[in-house]
K.L.:
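Quick one: the structure is below, and I'll ask about it shortly.
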Amino acid sequence: MISFLLWILTLFLLGAAAFPVLFWFFPHLADRGYGVAKPAGLLLFGYFYWILVTFGILPNNWTGVAAAFLLVLFVGFLAIRKVGWPVIKSWLHENLWLIAVVEVGFILLFGFFALMRAASPDITGTEKPMELAFINSILHSKVFPPADPWLSGYAISYYYFGYIIVAGIIRLTGTISGVGFNLAVSLWFAMAAAGSFSLVLNILSRIKLHNELKGQSVSVLQRAGWAVLGPIMLIFTANWEGFFELLHSRGLFWDASGHSAFWSWLDLKELTVAPSGVPGWFPTRPGGIWWWRASRVLQDYDFAGRTGEVIDEFPFFSLFLADLHPHVLSIPFVLLACNLALEFFIKASSGRQFRPGWMDVITYWTGSSQADKSVQNSYFPALEFWFAALIFGGLAFINIWDFPIYVGLASVGIVLARYLACGWNRQRILEFFECGLAFGFAGFLLYLPFYTGFASQAGGLLPSLVFFTRGKHLWLMFGVLFIPMLIGLISVIRLEKISLVIRKGLGKAAALLGILWTAMLILGLLITFAPALLGKVSPSLGEKVTLAAGLFMNTQGGGPAKDILLDSTLFRLMAPGSWLTLLLLTALIWGIVLALRDRFQQLQAATIQTDSTAKNDDNAVNTLPFLLLLATVGLGLVMFPEFFYLRDQFGTRMNTIFKFYYQAWILWSAAASVFVFIFWNNLKGITGWVARLLFILSMFAGFLYPFYALVDRFDSFSLERLNLDGSAYFSMAYPAEMEAVNYLSLAPDGTVAEAVGGSYTGYARISTLSGQPTVLGWPGHESQWRGGAIEIGTREPDIKTLYQTSNWEEALRIIQKYQIRYIYIGSLETNTYRVNEEKFKTNLSLVFNRGSVVIYEVPSQLLITPKK
Amino acid sequence: MKKLFSTKMTLGYSLLLLLAVILRFNQLSNPMLGEREAAIALQAAGSQTGLSGELPGTSGITALLGLVFFVLGKNEFTARLLPAIFGSLLIFAPLLFRKELGDKTVILLSILFMFDPGFVAFSRHVDGAIITVCGFLFAVGFVLHRRYGFAGIAAGFALLGSSVLWPGVLASGLAFWLTYSIKNSRASSGSGETVPPVAFEKNDLINAGLALILTVGLVGSLFFTRLIGIAAPILNLTAYFAGWLTSTEISPFLILFSFILYQPFILIAGLVEGLRTVRSGDRMNAFLMRWFYLAVLLMLIYPSRGMDSILFAYIPLLVLAARCILRIIESLEQPDIPAWGQMVLVILLVPFSWMNILAIQFPIDGEEEPLRLLASAGALGLLIVASFLIRMGWPPRQGKTGLWMGLAVLIAIFTFSTAWRSAGLGKHPEAELWNYDGITDQMDLLQKTAGDLSEWNVSSREGINIVLLNYSSHALEWSLKDFTSVSKDSSLPNLSNPAIVITADEDVPSLAQAYRGQDFVLNRKTSWPLIMPEEWIKWYAFRELPQETHQVILWARTDLFPGAAKTAPATITPIQ
């Protein structure tokens, strides 16, 4: 409880310190960034903590973390002086209701999720051990970059900024890491809700609807009420898989012989098998893990008909699973970046403070043009620019996939605003690159120490020839968001203009789709013919490329390349649901933008006349185009993996789908919330009622999964068993081992030797819990992080030899090779290897002995390698 | 051109400086560094690997010490050099407040600073507290003289020195604000003149800020070779905050009691002067009293208090005492024969009486207590009678003058004696509260022993292989800093035979070969929490109290001694 309260206090203070900064930089947002103040405070805190420890200016202990915290408070103080306390105070006074909603909502959601975690706190299964290992390693490391807990002698090679932030809060509040892990999951849940509320409110506050021009209006408070849909759609709604679990549990659509055309057509694994037992209202599965399937609704088939796993998580699933993975850790910061992009959009609409201006500087200094003072008011103020770079760069460091997406969102948002204000010309392209490159480079620069040690597994772009999403699966995954978006898009324009819009947009949308499709085929062709072409130039290179091309073709299912290329088109034509849906959405959005471009300008002019006498007054900016932009970027994220995917160790588009769909959900949930507001307030009569009914039914289907998950979680709820400590299960199950872990966590730093095994298992538990690095943890993950197994080398067989050999000299060589300080022998070691303990007893000192657990320490004298 | 100081003043301060240097530099190398001192010195010497292994709140002093070590080498003298220098310079700080306090008060204050036991003690510790106090006073003084560059530099040193700055700034700042706001609120209600706020121009702030940043940035970071020093000010602040979450065993009442033990007359004079404030409404005194109370209060409630926690409380107390002493001096008249006679009586009879009281407390065998009581009471009685007679026969003010002159001499002797002992120059330095954690005792002997063994076997006094087995002590590590082959281990490989093994007193290592052991006292410490009330008198008189010692044992391989057959190398080798 004390930890919980300390976390609330700490986050409140960080948010309070960061709010003046956001107040300064977000003058056009309705909430002035209040809803994302906590993530902003955490970002500043994490940045100061990380960068100053990295450069050795702060120590990685409590005083260092507290110093970083004080620096954030100091920054807040400076921001207050800049803006003026009376201004902020006046705003706070006028918006007390907003503060109350955000803070009360935050505390309630934080508490609710903490309760949920306390009901099932174990940090075990999936990748939770990995995340805890990172956190403990960061807490244990004396310097940054922190040691890789699962590959001794190396630093973490992963985007670990999110773990830095979590570890910083854990250290600052004096929480133990097992509790801190669960509090962090709960905190991120609450921050995601607050951030989504903030984004939707800020968009809604400036949405101008047709009926508003006729004098009807929706008050700010009412809009805030609608903004609650944002967090609901983001973190309380799931895909429709829960609904189909219900149908499956009820035993519907099965014939007497246990076959079902419906379920076979739907093709959801596990649901293609008839349910056993009496039909019920709750999903069941042997083993009890029915809820996993919602994150695997998509099915990819290769050319040979084999299925491949595709991950399609969504926020509720991730948070329910309680994996503190980068895509989860980035959610609040993504929402902060979206608010930033919205602010840029509004500024760019008015023509003020929307450009980095570096291109002008270069052209000026190269003598190409005279300095034009009149354009200088279009430049970002320096501090604001660097703050934006801090946010974008932070996204890269938390979840690197997000970096180009949100830099792109911001840059395209600026270009869109300029396009609507000034029309299309070459300048728009320059503005896009100017912004994108500036934010990209500046974000990279601010986090440079991270990149110097980072190795990625990503290696290029591949065409997704055979893999594509079936329409049924796309709708199953995103239907809950498609329904409000489609209805909302239709309601934006008068019904009689739909056909006109679609005609305008369809051509462009089809062209875009065609270009992507063609590009995919061309890339496929290149891969097919490149080996032969390159072989003529350089046989060795040709050989390598042939091998790579062969591997690629195997992942597609093998077979002649010609057939793969042909069939990739045929299969898509035979299963058009997905691309037709995307085509329709693209056509609608594009058509709206084209058809209403004049309308937008009329709207701008009308609202300017209504609201203000100033030309280009940014108070009159309509955020409807930004809404369409959110929907478009989401569309792009879903469309891209239909044709391409990023090459990684998995060899398929699994990871690309995972990362892109996740971001699409975040963007579409916000967009869908606003669209609900639009159509609910715009559509009248029968149309309106049908639309509302459809939406409600869709939401019902989307709520079922969270409902079942919560029922499942609280099924065996008991107040006495509540415990936030995620490592308590380990203490209870293996008390001697936990004592050993506690011993090692306080012992002098040194590499631990423990048994090596596969991923998602109990191996590497000692390093995970103690924070001391081990020789090798999960080999599969290490290989992914480092893009290969070169660094891993022969560690796994060496550890086996270390435990099993009876030859002390051989063991000593391994000890000296990896500078092992502690040799751990517990139940897992004795079960995995034929441990020969005699050599350790004879030559090393026993420093820990409880039950079946022993630890031998290697004296420092033995770690000195003899000179040859 | 008008001289800043008169010739007399210059000579006087030169003498003061000489005395200050004598007190602070005399035998500065003794004793060897204690645990905390050695920890800081090891950090500065670069022996502490890893930034988070640093003691909280020591980044600044480590940087300053690192600079000294770089230039002058690493030893006890150089480790304590900076505090001694700043402690000596402290006597000049009052000169910056001549306008506010007056020349005579300033001179008295300088004398009091010179002899203050706390200031003297911390001028001889490897600690940044005295640097902080000195820097703080000089910074404030320079601001009053509008020398903002110097103020920035002084503030930089204050920020780097120690975390005691923050409670000091809090107490003094709060006292200043209370005094100023109360004064002004009274003024606005018509009861007095308004205190004009201190005004700064932007350039002044920039100058001060730049000087501060340069000092902290350059000096604190050791010219960018030790970047953690840049964050020293904020780390000192967070170390202060961290101190609210942990606690020490030093009782707050013991620290309060130290005023009576070391500064009884200063305390009385200061409190008397403070009480005058109630009647006179003297703004300066009000500010000083408030500062004193707040500093003491902060010390009392701070869980991680140390003896340095009251250093900032000494400043207002000494100023008040100086003002009180000056008032007393100014109330006296030119001494004549009666005054001199009175003075002699006081000088003779008061110590006589005191020594008889001591003899009662600590009787010699065969002596009778009533006689001692009679002697003590008789002496005091004689003094009273004589004083009465002098008052009757001569002008009463002569008697008063003589009495105060006599007391002044005795107080001066007491103060000098206290300062001497606080400097660690007395017979029992471990019995001084300033050395609460004790002093290092026989490490020089251990050093010599190991050096001799090394010289006999490897022809160098530092080359022998030494293993600290399962024992961690900064003082021990410091004493062995010059040895090139020292390692720490919690265990030894079987069949290993290092030349020298050092263990805790109670550990007997199981070693493959024959070893000879010799114990050395590492630390001698007074058992402060166990002292009974009556033992304080003995402490007051003789500085004798029950002690506890921590010992280590140096195990030397038998073959290292002259005449024994060599069985293994004496330098470190890989285990065969």
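Letters A, B, ... are given to chains in the order of the sequence lines, protein chains preceding strands, and every chain is numbered from 1. Worth knowing before you read on, the calculation uses all heavy atoms, side chains too, and leaves out hydrogens, waters and symmetry mates. For clarity, every value in this text was computed on a predicted model and none was experimentally measured.
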K.L.:
More than 12 heavy atoms of other residues, nucleotides or ligands under 6.0 Å from CG of B/Leu245: is that the case?
P.N.:
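For B/Leu245, atom CG is crowded (more than 12 foreign heavy atoms under 6.0 Å).
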K.L.:
Just checking, any donor-acceptor pair under 3.5 angstrom between side chains of A/Asn61 and A/Arg171?
P.N.:
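There is no such pair (donor and acceptor under 3.5 Å, judged by atom type) between the side chains of A/Asn61 and A/Arg171.
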K.L.:
Quick check: do B/Asn236 and B/Trp166 have side-chain heavy atoms less than 4.5 Å from each other?
P.N.:
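A side-chain contact under 4.5 Å exists here.
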K.L.:
Output the residues of residues 62-69 of chain A for which the shortest heavy-atom distance to chain B is under 4.5 Å, in residue-number order; output 'none' if no such residue exists.
P.N.:
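Residues of residues 62-69 of chain A touching chain B at under 4.5 Å: A/Trp62, A/Thr63, A/Gly64, A/Ala66, A/Ala67.
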K.L.:
Classify the ring geometry of A/Trp50 against A/Tyr447: parallel below 30°, tilted from 30° to 60°, perpendicular beyond 60°.
P.N.:
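Plane angle under 30°, so parallel.
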K.L.:
Take atom CZ of B/Phe70 as the centre, draw a 6.0 Å sphere, and report whether it contains more than 12 heavy atoms from other residues, nucleotides or ligands.
P.N.:
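Open: at most 12 neighbouring heavy atoms sit under 6.0 Å from CZ of B/Phe70.
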K.L.:
Between B/Tyr302 and B/Tyr240, what is the ring plane arrangement, given parallel below 30°, perpendicular above 60°, and tilted in between?
P.N.:
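B/Tyr302 vs B/Tyr240 ring planes: parallel.
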